[in-house]
Amino acid sequence: MPTVRFLDSLAQVPASAWDALHDGSNPFVAHAFLEGLERHGCLRPDWGWRPHHPTLWEGGRLVAAAAGYLKDNPHGEFVFAPAWADASARHGRRYYPKWLGAVPYSPVTGPRLLARDDAARHALLETSIAEAGALGLSSAHVNFHSEDEDAAFGPEWLPRLDVQYHWENRGGWRDFDGFLAAMDHKHRKNIRQERGKVARAGVGFRRLHGDEASPADLDAIHGFYLQTFREYGNAPALTRDFIGHLAREMPRKLLIILAFHGENPVAGALCLRGTDTLYGRYWGATASVPGLHFETCYYQGIEYCLEQGLARFEPGAQGEHKLARGFLPAFVRSRHWIADPVFRAAIGDWCDGEAQSVRRYAQALQAHSPFREPA
């Protein structure tokens with residue numbers, strides 16, 4: 001039987017051992033990304049992120065692992081369940097702390113159970129349940145897991161569905177004009193008008209990978225990130241040191257999109273790149289220009305995907321406005337183990353009803369696709 005160890009730091013695992021457990025296509029599960037969050041001050045206990053990573057070892061060889069955290073608040077999870085916490089409190093139960101398998105601050109689908117096969121993934125889940133029981137936790141959760149990991153979860157793990165908006169190159173488009181040509185006249189005209197407003201305002205763009213970005217570029221993108229969080233009254237988690245870490249350690253995975261008016265940066269978007277997917281994460285601006293958000297966060301990313309031959313662009317959570325700009329509904333998944341059997345049954349019924357509503361919602365959205373033919 002493998003030896004189980006729960007680690008409070010990914011620095012305790014060699015990067016080569018961790019990264020041997022995944023195919024490298026998703027940058028968010030890379031050791032450099034996850035360990036960088038810990039090392040550069042992005043995870044704080046008062047924000048509810050205490051590393052507690054389950055790992056399985058055979059001798060000195062790592063055979064399965066997951067990024068896991070003890071959580072005592074919902075900060076940075078993006079799979080929201082305030083009704084569960086409220087119901088727990090009303091019935092005299094504690095919802096927090098709980099264990100969460102996830103990538104902090106990242107509502108991005110990807111592998112969560114890093115292992116050689118489904119049996120090892122299942123063992124990792126059993127280990128997580130056992131640890132939750134030993135610590136007296138209310139529950140264990142795995143957020144934004146990939147569809148092909150479904151087989152590892154037993155029926156005790158309740159499924160949830162949600163919808164995001166993703167762009168896919170379904171038409172084999174080679175350039176932005178080809179993408180627009182697949183749309184109906186109304187949506188094609190709207191996008192051209194939005195892009196035209198930005199161009200007429202004298203705003204230009206530079207797309208820079210981490211190894212192409214200067215310290216001033218990194219300062220600018222972090223400043224835009226801070227600006228957005230200040231505007232919404234939220235605490236910014238990503239530090240400037242972490243952005244620099246990504247540029248050094250994952251240089252071709254980091255993409256920075258900067259908007260300039262003259263020589264002055266006025267907006268920016270921070271993205272990560274996988275093997276076939278671009279992931280939009282954060283944006284900010286100091287100028288108010290009609291269409292600037294759509295150009296910076298969506299159209300520049302689509303152009304990049306078309307130029308680089310990427311198949312997919314996931315620009316982040318939420319936002320029905322993305323539909324009119326070519327981002328169609330896609331399901332995202334999470335799984336939830338609840339310790340209390342009575343509460344688990346009630347939550348299971350709630351999840352079933354929610355899933356039916358989400359599927360109806362996604363079907364209704366598909367009816368409003370901007371494309372001339374079903375994409």
Side-chain angles (χ1 to χ4, degrees), residues 25-30 32-37 40-43 47 49 67 75-79 102-110 112 143-144 162 164-167 205-210 213 217-232 234-259 265 267-285 292-305 308 310 312-319 321-322 325 327 330 332:
S25 63
N26 187 295
F28 294 91
V29 296
F33 185 88
L34 293 165
E35 195 273 332
L37 289 172
H40 294 291
C42 302
L43 304 182
W47 287 342
W49 292 99
H75 179 265
E77 291 185 18
F78 291 95
V79 176
V103 177
Y105 316 121
S106 301
V108 171
T109 292
R112 295 293 177 264
N143 287 356
F144 298 102
D162 201 354
Q164 290 183 354
Y165 301 85
H166 298 168
W167 178 90
F205 287 84
R206 300 177 194 166
R207 296 194 290 265
L208 305 165
H209 294 105
D217 295 327
L218 299 178
D219 289 342
I221 195 65
H222 190 246
F224 292 131
Y225 163 75
L226 296 178
Q227 174 75 17
T228 297
F229 274 70
R230 281 194 296 265
E231 290 175 355
Y232 287 92
N234 296 325
L238 302 189
T239 64
R240 171 61 176 82
D241 285 346
F242 177 67
I243 302 301
H245 166 85
L246 293 181
R248 290 189 308 273
E249 301 299 324
M250 306 175 67
R252 305 305 291 182
K253 302 293 186 182
L254 177 66
L255 176 69
I256 294 170
I257 299 169
L258 289 175
L270 185 150
C271 307
L272 289 176
R273 173 182 172 162
T275 300
D276 65 354
T277 304
L278 181 67
Y279 303 92
R281 296 304 305 116
Y282 301 101
W283 112 287
L292 182 59
H293 173 258
F294 303 130
E295 181 67 39
T296 307
C297 294
Y298 306 146
Y299 305 143
Q300 287 290 315
I302 290 173
E303 278 196 343
Y304 177 86
C305 289
Q308 298 286 318
L310 302 185
R312 186 177 298 103
F313 179 21
E314 300 184 14
Q318 304 173 338
H321 60 276
K322 296 170 183 169
R325 293 162 180 90
F327 296 84
V332 293

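Remember, it's a predicted structure, so these values are computed and weren't measured experimentally.
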Enquirer: Passes side chain to side chain contact (heavy atoms under 4.5 Å, CB included), Tyr298 versus His321? Steps please.
Expert: CA-CA 11 Å; Tyr298 306 146; His321 60 276; 2.8 Å; yes
Enquirer: At what distance, to the nearest 0.5 angstrom, does CD1 of Ile302 lie from CZ of Arg325?
Expert: 10.5 Å
Enquirer: Could you go through Val79 and Asp162, starting from their C-alpha distance and side-chain angles, then the distance that decides it, and tell me whether this counts as side chain to side chain contact (heavy atoms under 4.5 Å, CB included)?
Expert: CA-CA 9 Å; Val79 176; Asp162 201 354; over 6 Å; no
Enquirer: Out of the candidates Tyr279, Phe242, Tyr105, only one should pair with Phe33 under the ring pair (Phe, Tyr, Trp, His ring centres under 6.0 Å) rule; please name it.
Expert: Phe242
Enquirer: Quick one: does His222's side chain have a donor or acceptor within less than 3.5 Å of a partner on Leu238's backbone?
Expert: yes
Enquirer: With the side chain counted from C-beta on, respond yes when Phe28 and Leu272 share a heavy-atom pair under 4.5 Å apart, and no when they do not.
Expert: yes
Enquirer: Taking the side chain from His40 and the backbone from Ile243, do they hold a donor-acceptor pair closer than 3.5 Å?
Expert: no
Enquirer: Less than 4.5 Å apart, any side-chain heavy atom of Cys297 and any of Arg281?
Expert: no
Enquirer: Measure the spacing between CG of Leu226 and CD1 of Ile221 and express it to the nearest 0.5 Å.
Expert: 10.5 Å
Enquirer: The test is side chain to side chain contact (heavy atoms under 4.5 Å, CB included); show your working for Ile257 and Trp283 and say whether it passes.
Expert: CA-CA 9 Å; Ile257 299 169; Trp283 112 287; over 6 Å; no
Enquirer: Which pair of non-hydrogen atoms, one from Cys305 and one from Leu278, has the smallest distance, and what is that distance?
Expert: SG-CB, 3.7 Å
Enquirer: Pairs under 3.5 angstrom only: tabulate donor-acceptor contacts from the side chains of residues 248-256 to other protein residues two or more places apart or in another chain.
Expert:
residue : atom : partner : partner atom : Å
Arg248  : NH1  : Gly244  : O            : 3.3
Arg252  : NH1  : Asp211  : OD1          : 2.9
Arg252  : NH1  : Asp211  : OD2          : 3.4
Arg252  : NH2  : His209  : ND1          : 3.2

Enquirer: What I'd like to find out is whether the side chain of Gln164 reaches to under 4.5 Å of the side chain of Phe144, using heavy atoms alone.
Expert: yes
Enquirer: Using atom types as modelled and distance alone, determine if a side-chain donor or acceptor of Lys322 lies under 3.5 Å from a backbone N or O of Gly316.
Expert: yes
Enquirer: So Tyr299 and Phe294, would you call those rings parallel, tilted or perpendicular, with 30° and 60° as cut-offs?
Expert: tilted
Enquirer: Rounded to the nearest 0.5 Å, how far does CG of Leu246 lie from CG of Leu37?
Expert: 8.0 Å
Enquirer: Return the NE2 to CZ distance between His166 and Arg312, rounded to the nearest 0.5 Å.
Expert: 8.5 Å
Enquirer: Please round to the nearest 0.5 Å and tell me the distance separating atom CZ of Phe327 and atom OH of Tyr165.
Expert: 12.5 Å
Enquirer: How would you list, by chain and number, every residue that makes a side chain to side chain donor-acceptor pair (under 3.5 Å) with Arg273, sequence neighbours excluded?
Expert: Tyr304, Gln308
Enquirer: At their closest point, which heavy atom of Leu310 faces which heavy atom of Thr275, and how far apart are they?
Expert: CD2-O, 3.6 Å
Enquirer: Check Pro27 against Gly274 and note the closest heavy-atom contact, atom names and distance.
Expert: CD-CA, 3.8 Å
Enquirer: Hey, is the main chain of Pro104 close enough, under 3.5 Å, to the side chain of Ser106 for a donor-acceptor pair?
Expert: yes
Enquirer: Can you tell me how far apart NE2 (His245) and SG (Cys42) are? Round to the nearest 0.5 Å.
Expert: 9.0 Å
Enquirer: Quick check: closest heavy atoms across Thr296 and Gly268, and the distance to 0.1 Å?
Expert: CG2-C, 3.8 Å
Enquirer: So which heavy atom on Trp49 is nearest to which on Gly76, and how close?
Expert: CZ2-O, 3.4 Å
Enquirer: Exactly one of Asn26, Val332, Thr277, Val29 should register a side-chain contact (heavy atoms from CB on, under 4.5 Å) with Val108. Which one does?
Expert: Asn26
Enquirer: Over 60° means perpendicular and under 30° means parallel, so tell me whether Tyr225 and Tyr282 are parallel, tilted or perpendicular.
Expert: perpendicular
Enquirer: Any idea which heavy atoms bring Cys271 and Gly280 closest together, and the distance?
Expert: SG-CA, 3.9 Å
